[in-house]
Amino acid sequence: MAGPDRHGSGAVSEQRLSLAPWKDRRNLLALVVSMVTLALILVFSATVQGFATRGNLSVILSNSASLAILSCGMAVVIISRGLDLSIIAVMVAGATTYATCIEAGMGGGAALVVTGLAIVAVGMINAWLIAYAELPAMLATLASAMAITGLFRFAILRGEFLLLLPKENPAVQALTSDLLPGLPVVTVMMLAALAATWVLLNRTVAGEIIYAMGDNFLAARLSGLPVRSVTMLIYVWAAVMALAAGLVVSSASGAVDFRTVTNGTLLFDVILVVVLGGIPLRGGRGGLANIVLGVALIAVLRNGMTLMNVTTQIQDVIKGLVLLAAIAAENFLNPRDIETDTAGDL
Amino acid sequence: MLKATNTLPDGALRRPAKGIDFARLPRQAVPRMVISPRRVLSDVLTRGWIESAIPFLAFLVVAGVILATTDGFFSSSNLRTMSQYVPDGGIVVLALLIVVAAGGIDLSVGSNFAMSAFAALYGFHILELPVWAVLPISVLTGAFFGMVNGTLAGLLGCGALLTTLGTMITIRGLYTVASQSQLVAISSSARYDAAWDYIGFDRLAGLPIGFWCLLAVAVTVFFLFRQSRFGWHLLAVGGNRKAARNGGIGVRRTVFLAYVLAGALVGLSGFLYAARQNSVGSDTGIGMEFFLLTALVLGLGGFTSGRGAVVSVLVGFLTIYFINNAMINAGFRGDLVQFTLGAIILAILMVDVRFKKNLHRLVASSYLDPVARTPEPVRGSEGLMPDQIAPKLAGAEILAAGQVDGPEDVILDRDGHLFCGTRDGKILRLAAPDYREVTVHAAIGGRPLGLAFDAESRLLACVAGMGLVRVNRDGTHELLTDQTERSLFSVQDDTTIRMADDLDIAPDGVVYFTDATKRYDMESWAMDLLEGRPNGRLLSWDPRSGKTRTVCDNLLFPNGVCLAHDGRHLLVASTWGCSVLAFDLQNLRAGPRVLVDGLPGYPDNINRASDGGYWLALAGMRNPVVDLAMKHPGLRRRMTRRVPPTNWLFGNLNIGGVLKLDAAGQVEDAYWDRPDGALYMITSMREHRGALFLGGVTNDRIGRLALPGADEGWTGRGSYEGRA
């Protein structure tokens with residue numbers, strides 16, 4: 001299969017031999033998650049007023065756009081066995097820069113170029129720390145998240161938490177409008193991000209190298225693959241995705257809120273999407289289908305719970321429990337081999 | 001150095017001499033200690049605590065900058081205020097350390113902290129429990145969530161990062177729901193309790209109660225990692241899970257307990273916080289895990305499991321805490337503080353990662369530290385050089401060819417059986433009379449070098465890498481000593497005997513043996529020549545007390561040891577010194593004197609001869625280029641760094657030679673093999689019943705040379721027992 005569903009080299013041949021692909025244990029979690037999503041949709045449709053409506057579907061789609069775009073960035077990083085904890089910080093930084101640019105009177109295109117350059121620079125700094133300074137990805141992005149948030153709040157917002165967007169500005173309105181009737185720009189951006197991710201992972205040499213790095217980083221490096229430049233690409237990719245998501249979020253809410261960085265819920269949601277979709281944190285596996293699946297589950301869950309008037313705190317508790325259940329299930333289905341497990345694997 | 005012997009006419013040297021006239025021998029200068037900046041650097045770099053050097057330096061720099069730019073940060077009032085707030089994070093960072101040391105991570109500490117603080121407030125204000133009951137409620141709350149983490153990440157083996165991320169969000173949600181429902185009741189409670197306020201606000205000996213708790217926890221965790229079985233298990237599991245499991249440690253149980261313990265500590269911290277603040281807010285503990293993770297990483301210099309560095313982690317924590325506090329005190333805005341913290345952490349981590357990555361290179365490039373030395377010119381063997389006399393060893397009979405691997409020393413017992421050590425750590429026995437039957441007498445390991453029989457006919461062996469070993473007649477063996485006193489002012493612990501080389505036994509039973517070099521192992525002894533420093537020492541082991549003493553430190557590769565015929569002097573061959581030194585056993589403090597120097601080669605073992613003289617093995621020959629190179633340390637250092645070892649300048653090890661010394665130690669004859677002969681690099685020889693047995697440390701055979709005219713009844717053993 002021209003596969004969004006990627007596996008380690010061994011699994012592909014296993015799958016071809018096997019008459020019943022669902023017996024492949026690696027797929028079991030994805031199967032379980034899709035069943036759960038379907039069940040949730042059925043239950044919500046039956047019990048929640050206004051869930052199974054056309055209007056709600058478009059709400060789900062546009063509400064999950066930012067999450068899906070962020071997940072595209074995060075998934076690529078995680079497949080390469082990295083981690084980008086700064087993705088929300090970059091998202092907010094990008095939105096801030098864009099908003100400041102158009103406030104200063106720039107046109108939408110020029111603002112986008114300036115913001116894009118700034119965000120690519122941020123992504124390159126992240127990548128440089130990981131690829132050249134050789135800091136562990138988790139630590140580098142943890143610290144850079146602090147530095148980025150601090151810098152942008154200090155330099156641009158002068159210490160404020162909140163930046164309000166000029167809603168009447170055409171550069172903002174372009175983002176909130178519909179491209180075609182019933183097809184908002186944000187949905188198109190989401191689809192574009194998903195398509196770009198598919199192309200990157202499945203149709204480019206860099207994509208192959210990303211899988212190779214996730215499978216065994218040392219082997220990839222020893223066989224002469226350009227792991228450093230690909231690391232650059234990966235983190236710049238994540239930064240650009242974060243910028244896109246930032247534009248979506250801020251245009252929808254009309255404001256940039258730095259508290260999204262500190263309260264951590266969005267970062268948690270992104271990681272939740274990637275993990276529930278079936279991309280393991282140790283990398284090397286997963287693809288577009290996993291992202292879509294994860295986003296679908298979280299979007300449906302969020303939407304259903306919001307319609308049922310569940311408070312954010314309880315939603316958090318439920319999402320946390322879902323994650324724990326998913327981890328336990330994954331562990332039950334694919335037990336880790338303690339003999340091959342190393343202490344560094346978190 | 002002016003030598004008495006050299007003033008004699010040449011012919012007088014060869015005249016049979018009476019014995020060793022110790023008082024007339026020139027003194028050998030022995031340095032008290034060997035100090036060089038590069039050696040100190042390399043020794044410091046190999047110490048274990050160097051790993052924490054960067055965090056400590058960072059702390060000092062930060063403290064220095066704060067001291068220079070603020071006034072009053074380190075005033076007693078500000079320190080006192082900080083000591084009230086430090087324990088919260090301090091205890092939790094230690095909890096985090098326990099988990100990380102065991103190879104996990106705990107992101108839920110912040111939520112758990114808030115939850116435990118809430119539990120304490122709920123117990124105190126709502127349930128109105130006595131304070132002694134509130135503490136366990138708080139600690140147990142923490143431990144309960146630790147148990148959840150431990151069950152998932154430890155017992156079930158799920159990924160720790162995701163598990164604790166899940167519990168972090170879940171607990172935070174539960175906390176928010178719970179605290180919002182009780183907030184009004186708690187803040188309107190008017191309950192007052194003396195013990196509660198004592199814990200929150202009072203001081204014991206000038207410090208807040210919480211600070212004492214932090215100290216107690218720090219000391220406990222320190223000793224947990226240093227002394228307790230559980231702590232060792234934690235470090236083993238964090239260091240290498242597979243090895244720990246194969247070593248019989250219950251990995252899953254250990255990780256589980258690590259999370260529970262960490263949870264309990266977080267609970268304690270939450271209790272202290274509750275007693276002090278008397279309230280919780282929606283932001284309690286938010287961002288705590290990231291702040292403390294950063295502190296931990298800063299202290300450990302990276303995210304390293306298997307290290308229980310309590311002090312380093314607390315230093316890292318204080319560094320971050322000080323930066324944060326000083327900047328806020330100075331009125332900087334929170335966002336700038338955040339940016340600075342992030343940037344500083346990245347900078348420190350980058351330096352630290354580079355440092356750790358290149359540390360071994362730095363050590364490798366600074367370990368070898370050559371020094372200029374001017375060897376004594378060759379003298380005393382005029383007319384006896386290989387090109388001047390016939391190669392007498394060419395007539396030697398070859399024994400056990402291919403059956404022995406590297407017999408550094410050979411020795412014969414009363415019945416004429418031959419014993420030798422081999423490269424694979426065995427003592428072989430070659431049965432008299434034809435020495436064809438080779439059996440393993442003992443397998444002791446290490447690299448057996450010098451051998452000697454004691455009064456009870458037990459074999460004592462110097463074993464490189466082990467020490468002094470005694471092999472009983474039935475083949476059993478025991479380690480007599482592997483350590484001596486630590487030398488004064490040494491950065492590195494040099495108590496371990498690294499390369500025990502040769503030995504002899506004094507009439508009073510004390511064993512004198514050499515530790516040829518304290519700095520190199522058996523495989524790299526050649527580096528010691530290139531270094532050219534006095535790295536060796538003469539040691540003694542007293543069988544009565546079992547004590548090992550350093551008789552003389554800082555000798556230049558002391559090798560062969562032989563008790564002189566008079567039973568009073570000890571001869572020690574100094575290989576790189578190309579000399580033989582003499583010690584007076586009745587006055588060891590007088591130090592060594594030079595019996596003979598300017599030898600044409602590098603002397604190895606020295607043994608008695610039947611005519612009252614001595615046999616001296618030459619492991620290799622000097623050549624003028626190497627002698628010249630000894631004067632140029634820079635050349636040798638560059639050579640070891642840039643030229644492959646096979647192309648290094650070195651002495652000629654391809655020709656075998658034995659010198660015959662007379663009773664006064666002067667060279668009177670020389671026995672050479674042909675340049676292509678079978679006996680090269682001769683490291684030992686023993687005379688036995690009119691024949692000379694020859695061993696070589698890199699050879700696979702033993703030579704036997706008949707000595708016409710020698711005493712047919714003389715044996716080495718007999719000579720020691722006075723029966724010669």
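For clarity, every value in this text was computed on a predicted model and none was experimentally measured.
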Distance in Å, [X] [atom1] paired with [Y] [atom2], rounded so as to fall on 0.5 Å steps:
| X | Y | atom1 | atom2 | answer |
| --- | --- | --- | --- | --- |
| B:L161 | A:L83 | CG | CG | 6.5 Å |
| B:L346 | A:T141 | CG | OG1 | 9.5 Å |
| A:F268 | B:M168 | CZ | CE | 8.5 Å |
| B:L162 | A:L281 | CG | CG | 4.0 Å |
| B:D335 | A:F152 | CG | CZ | 13.0 Å |

Original post:
Counting a contact as any heavy-atom pair under 4.5 Å apart, which residues of residues 306-320 of chain A contact chain B?
Top reply: A:Q313, A:I314, A:D316, A:V317, A:G320
Subject >> Inter-chain contacts: residues 127-136 of chain A against chain B, heavy atoms under 4.5 Å >> reply: A:W128, A:L129, A:Y132, A:A133, A:E134, A:L135
Original post:
Which answer fits A:I271, side chain, backbone, both or neither, if we ask what part of it has an atom under 4.5 Å from a heavy atom of chain B?
Top reply: side chain
**OP:** Looking only at non-hydrogen atoms, find the nearest pair between B:C158 and A:I327 and report the distance.
**Re:** CB-CG2, 3.2 Å
So for atom [atom1], which belongs to [X], do other residues, nucleotides or ligands contribute more than 12 heavy atoms lying within a distance under 6.0 Å?
| X | atom1 | answer |
| --- | --- | --- |
| A:R221 | CZ | no |
| B:F355 | CZ | yes |
| A:M305 | CE | yes |

Subject >> ring pair (Phe, Tyr, Trp, His ring centres under 6.0 Å) against B:F59, all qualifying residues, sequence neighbours excluded >> reply: B:F322
**OP:** Heavy-atom pairs under 4.5 Å with chain A are the metric here; pick the option from B:T176, B:V337, B:T340 that has the most.
**Re:** B:T176
Subject >> Heavy-atom pair count under 4.5 Å with chain A, highest-scoring of B:L349, B:T304, B:L165 >> reply: B:L165
Original post:
Is the closest side-chain heavy-atom distance between B:F339 and A:M146 below 4.5 Å?
Top reply: no
Original post:
Considering only heavy atoms, which portion of B:I345 lies under 4.5 Å from any heavy atom of chain A: side chain, backbone, both, or neither?
Top reply: side chain
**OP:** Check step by step if side-chain contact (heavy atoms from CB on, under 4.5 Å) holds for B:I105 and A:M138.
**Re:** CA-CA 12 Å; B:I105 189 172; A:M138 190 179 85; 3.6 Å; yes
Original post:
Who pairs with B:D283 by salt bridge (charged side-chain N to carboxylate O under 4.0 Å, His left out), at least two apart in sequence or on another chain?
Top reply: none
